[in-house]
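Values below: every heavy atom of this structure, side chains too, minus hydrogens, waters and symmetry copies.
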Amino acid sequence: MNSKKIVVISRTIFPFQAPRSFRATELAKELARQGHDVTLYGVLGNYDYTDFERQHNIKVKNLGKMRFATLNSSNDVKSSLLNKIFSRLIHRLIEFPDIELMFKVFRCLKQDKDIDLLVTVAVPYPLHWGAASYIGKRKNNFKGTWVADCGDPYFGNKFHKRYFYFKYVEKWFCRIADFITVPIEEAKEGYFSEFHDKIKVIPQGFDFNEVTLSDTEPNNPVPLFIYAGAFYKGMRDPELFLNYLTTVKTDFKFIVYTKNKEMVEPFIEKLAGKLLIKDYIPRIELLKIMNGASFLVNVENGTAMQSPSKLIDYLLTKRPILSVNSHTLNEPAINEFLNGNYSSQLVIENLDQYDIKNVAGNFVKLMK
């Protein structure tokens, strides 16, 4: 196989804990393992990437010093009061402060020449806009393939409504991109139909050899179940499920790893020691903890266009998955799980499609 020059750009990369940073970092690592010349861009903090670069044979570069879009891969910078005020006032008008990333991507692409494959990983979408701004003006000079990787739809996103003029921005970058990649088939419906022929489905990828988990059935004294991830009011909302748990008379333990603690904290007292809320922890550590749970909980998005990437992590733990709806509960199924009957568990087939080797190979196939 001929080595290609590949550039992957994401707002955050390892060690930041988020689906998009996982996507970019794992993709870059596997592409390098397959023999390609890989550069990984992100907004870097004070993490020392010397060993990381040597271990994975990747060049890690900084998108640049940010004045407004201060979230970085070390997660060690707090927004100033002025930044927070601006964000509240004009965030939805111009995607502030993430709009700064558009100009940083443009600058970086001016410096990185002769790219065979460029992958920009959104959210946030200004990363795509920066690539479109650069390539659109140099279409005859940019000989590589640009893939705009989209974890969630933008204008068609059911969680975040955008002002009408952003549909023109989306159509602009979609016209310039060679391909648009989405994690699931249903996500295509979140994009304008005129670009559906450009959309390729490439799911989230994981290195199956990264962690070894036990096949032994956990022996928990009471049902122990875990949820890990974000919540969204009215969409991926745990309130109905938590309300039902307050009526359960038998003992159990429910551990929630989330940043959205405000949506869960009102139930701490009601569940009287049965509910435990924790901050995010490193992914490998979390996988090992979930491997010891009786079962795992998935709170559905309420839209088929978006599927939480944590479901793949859930699958790797080899534990049954209880999938609950934010608006209508299947109480018999919940009771069955609490009694150790997992016959109604969520089933996801074709695990090989999530193997990072196959995922990276699918990106390589898109090259001109």
Validation row, ring centre [X] to ring centre [Y] under 6.0 Å:
X	Y	result
Phe206	Tyr354	no
Phe254	Phe241	yes
Tyr47	Phe14	yes

Ring geometry between Phe52 and Tyr49 (parallel below 30°, tilted from 30 to 60°, perpendicular above 60°) |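 Ring orientation, 0 to 90° scale: perpendicular.
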
In terms of the angle between their ring planes, are Phe166 and Trp129 parallel, tilted or perpendicular, with boundaries placed at 30° and 60°?
->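 Parallel: the ring planes of Phe166 and Trp129 meet at under 30°.
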
Thinking salt bridges, do [X] and [Y] make one under a 4.0 Å N-O criterion?
X	Y	value
Lys167	Glu170	no
Asp178	Lys198	no
Asp112	Lys5	yes
Glu185	Lys200	no
Glu26	Lys29	yes
Lys143	Asp114	no

For [Y], does its backbone N or O pair with a side-chain atom of [X] as donor and acceptor, under 3.5 Å?
X	Y	answer
Asn358	Asp352	yes
Arg20	Thr12	no
His36	Lys4	yes
Tyr280	Arg283	no
His196	Lys188	yes
Glu53	Val60	yes
Lys113	Lys110	yes
Glu336	Ser344	no

Could you walk me through whether Ser3 and Asp37 pass the side chain to side chain donor-acceptor pair (under 3.5 Å) check?
-> CA-CA 7 Å; Ser3 176; Asp37 175 10; over 6 Å; no

Who else is in the cluster with Phe16 when I, L, V, M, F, W and Y are joined by side-chain contacts under 4.5 Å?
->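 So far as hydrophobic clustering goes, Phe16 is joined with Leu71.
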
Between Tyr163 and Arg92, is there a cation-pi geometry (under 6.0 Å to ring centre, at most 45° from the normal)?
->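 Pair Arg92/Tyr163 counts as cation-pi.
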
Distance under 6.0 Å and angle within 45° of the ring axis: does Lys253 meet both against Phe225?
->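 No cation-pi geometry.
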
Does any donor atom in the side chain of Ser326 or Asp237 lie under 3.5 Å from an acceptor atom in the other side chain?
->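 Ser326 vs Asp237: no donor-acceptor pair found between side chains.
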
side-chain hydrogen bond (donor to acceptor under 3.5 Å, both in side chains) contacts in which one or both residues fall within residues 64-77, not counting sequence neighbours |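 The answer is Asn46-Asp76, Thr70-Ser79, Asn72-Asp76.
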
Could you check if a side-chain atom of Ile184 sits within less than 4.5 angstrom of a side-chain atom of Pro203, using non-hydrogen atoms only?
->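 No; the side chains remain at least 4.5 Å from each other.
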
Check whether any side-chain heavy atom of Val7 sits under 4.5 Å from a side-chain heavy atom of Val119, and report yes or no.
->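 They are not in contact (no side-chain heavy atoms under 4.5 Å apart), so the answer is no.
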
Gap separating the OH atom of Tyr257 from the CD1 atom of Ile281, nearest 0.5 angstrom =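 The OH atom of Tyr257 sits 4.5 Å away from the CD1 atom of Ile281.
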
